[in-house]
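If you read the sequence from its start, that first residue is 1, and numbering goes on from there.
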Amino acid sequence: MQPSARSSSRRRDAALTVRLGGRAAELVVFGEGSTCAADDLDGATQIASRMVREFGLSPALGPVGYGSGAPRYLGGESTEETLHRPYSEQTQRIVDKETARLVRQAEERAVALPHDHREALDTLAGLLTARETVDGSVVLDVLQQQQHQQQQQPDGHHVEAGKPTPSP
């Protein structure tokens, strides 16, 4: 999911969060990330870097755009491209810091989802192990079942619109 220049901030935040989904699942299930999430991190970092450099979405830099050249972020060696970028080393440090901030915030959101829906995650993992693939309708069904179970209180009552009602 790559956000467009006209996308809303909510959509851009969602794109970052989605990009980190695999890493988030690793962190929740295994307690640590692995090298398998390198593509997740690279994609999220590129999106965040564009948000800061091109779309003016960093409070630290303000509403400025620095073109669509290949992103330079979080260190790395100097290249011909970095020697001719249209901003200073100090600005690059701010871009790096803001990019890292956006990726960290997205990771927090991404980790919260499988953590909050761990039962559904485990159910889907079991289904994937048994079937190898599941379509979106199966995922939706599992999530809806979990939501229904969470709405039911331990005393046998349902919660609807904040008011307990007797179970059918």
Side-chain angles (χ1 to χ4, degrees), residues 1-61 68 70-71 73-74 95-168:
M1 172 185 241
Q2 194 69 291
S4 69
R6 288 190 65 159
S7 65
S8 69
S9 62
R10 201 168 169 198
R11 184 177 174 112
R12 289 184 300 269
D13 288 346
L16 280 173
T17 304
V18 166
R19 286 298 305 214
L20 293 170
R23 177 175 169 81
E26 286 180 344
L27 293 171
V28 169
V29 174
F30 303 120
E32 62 183 0
S34 75
T35 57
C36 294
D39 187 53
D40 293 355
L41 290 171
D42 183 54
T45 303
Q46 286 184 37
I47 292 169
S49 180
R50 290 187 70 206
M51 289 169 67
V52 173
R53 288 181 309 101
E54 294 177 34
F55 305 146
L57 299 175
S58 164
L61 284 179
S68 61
Y73 46 85
L74 305 176
V95 169
D96 290 346
K97 185 177 179 179
E98 288 294 286
T99 298
R101 179 185 63 80
L102 289 170
V103 172
R104 273 192 222 96
Q105 289 174 343
E107 183 180 65
E108 288 172 10
R109 288 188 305 271
V111 167
L113 289 169
H115 182 268
D116 294 346
H117 300 282
R118 180 60 192 260
E119 186 178 326
L121 175 66
D122 292 341
T123 300
L124 288 168
L127 289 171
L128 284 167
T129 300
R131 300 181 192 174
E132 293 188 26
T133 62
V134 295
D135 62 29
S137 65
V138 173
V139 174
L140 186 59
D141 287 344
V142 169
L143 289 170
Q144 287 174 338
Q145 287 173 7
Q146 180 192 13
Q147 183 180 21
H148 177 71
Q149 290 171 353
Q150 287 176 341
Q151 288 176 341
Q152 204 170 50
Q153 294 180 344
D155 63 359
H157 290 77
H158 285 80
V159 177
E160 293 181 25
K163 299 177 185 175
T165 57
S167 295

Mind listing the closest non-hydrogen atom pair of P59 and L57 along with its distance? CD-O, 3.8 Å
Just by distance, do the side chain of D135 and the backbone of V138 share a donor-acceptor pair under 3.5 Å? yes
Compute whether any side-chain donor of one residue and acceptor of the other, for D42 and Q46, lie under 3.5 angstrom apart. yes
Can you name the closest pair of heavy atoms from A44 and L16 and give their distance? O-CD2, 3.1 Å
Rounded to the nearest 0.5 Å, what's the gap from CE on M51 to CG on L102? Could you check? 5.0 Å
Closest heavy-atom pair, P114 versus A110, reported as atoms and distance to 0.1 Å, is CD-O, 2.7 Å
What verdict does the side-chain contact (heavy atoms from CB on, under 4.5 Å) test give for R118 and L121, after you've listed the backbone C-alpha separation in whole Å, the side-chain angles of each residue and the deciding distance to 0.1 Å? CA-CA 5 Å; R118 180 60 192 260; L121 175 66; 4.0 Å; yes
Taking all non-hydrogen atoms of both residues into account, name the closest pair between T45 and L41 and its distance. OG1-O, 2.6 Å
Mind checking the OG1-CZ spacing from T99 to R104? Nearest 0.5 Å is all I need. 10.5 Å
Under the 3.5 angstrom rule, does the side chain of T17 hit a backbone N or O of D13 as a donor-acceptor pair? yes
In residues 23-38, what donor-acceptor pairs under 3.5 Å come from side-chain atoms, sequence neighbours left out?
unit_1 : atom_1 : unit_2 : atom_2 : d
R23    : NE     : E107   : OE2    : 2.5
R23    : NH2    : E107   : OE2    : 3.3
E26    : OE1    : S34    : N      : 2.9
E26    : OE1    : S34    : OG     : 3.3
E26    : OE2    : S34    : OG     : 2.6
S34    : OG     : C36    : N      : 3.1

Pairing residues for Q105 by the side-chain hydrogen bond (donor to acceptor under 3.5 Å, both in side chains) criterion, not counting sequence neighbours: R101
About how many Å separate CG of L113 and CG of L20, when rounded to the nearest 0.5 Å? 11.5 Å
How close do V103 and A48 get, counting heavy atoms only, and between which atoms? CG2-CB, 3.8 Å
Between CG on residue D141 and OG1 on residue T123, distance to nearest 0.5 Å: 12.0 Å
Mind checking the CG-OG1 spacing from L124 to T129? Nearest 0.5 Å is all I need. 10.5 Å
Does the pair V142 and V134 meet the rule for a side-chain contact (heavy atoms from CB on, under 4.5 Å), with working shown? CA-CA 11 Å; V142 169; V134 295; over 6 Å; no
Do you know the tightest heavy-atom contact between V95 and S49? CG1-OG, 4.5 Å
Restricting to salt bridge (Lys or Arg N to Asp or Glu O under 4.0 Å), what partner residues turn up for R109, sequence neighbours left out? none
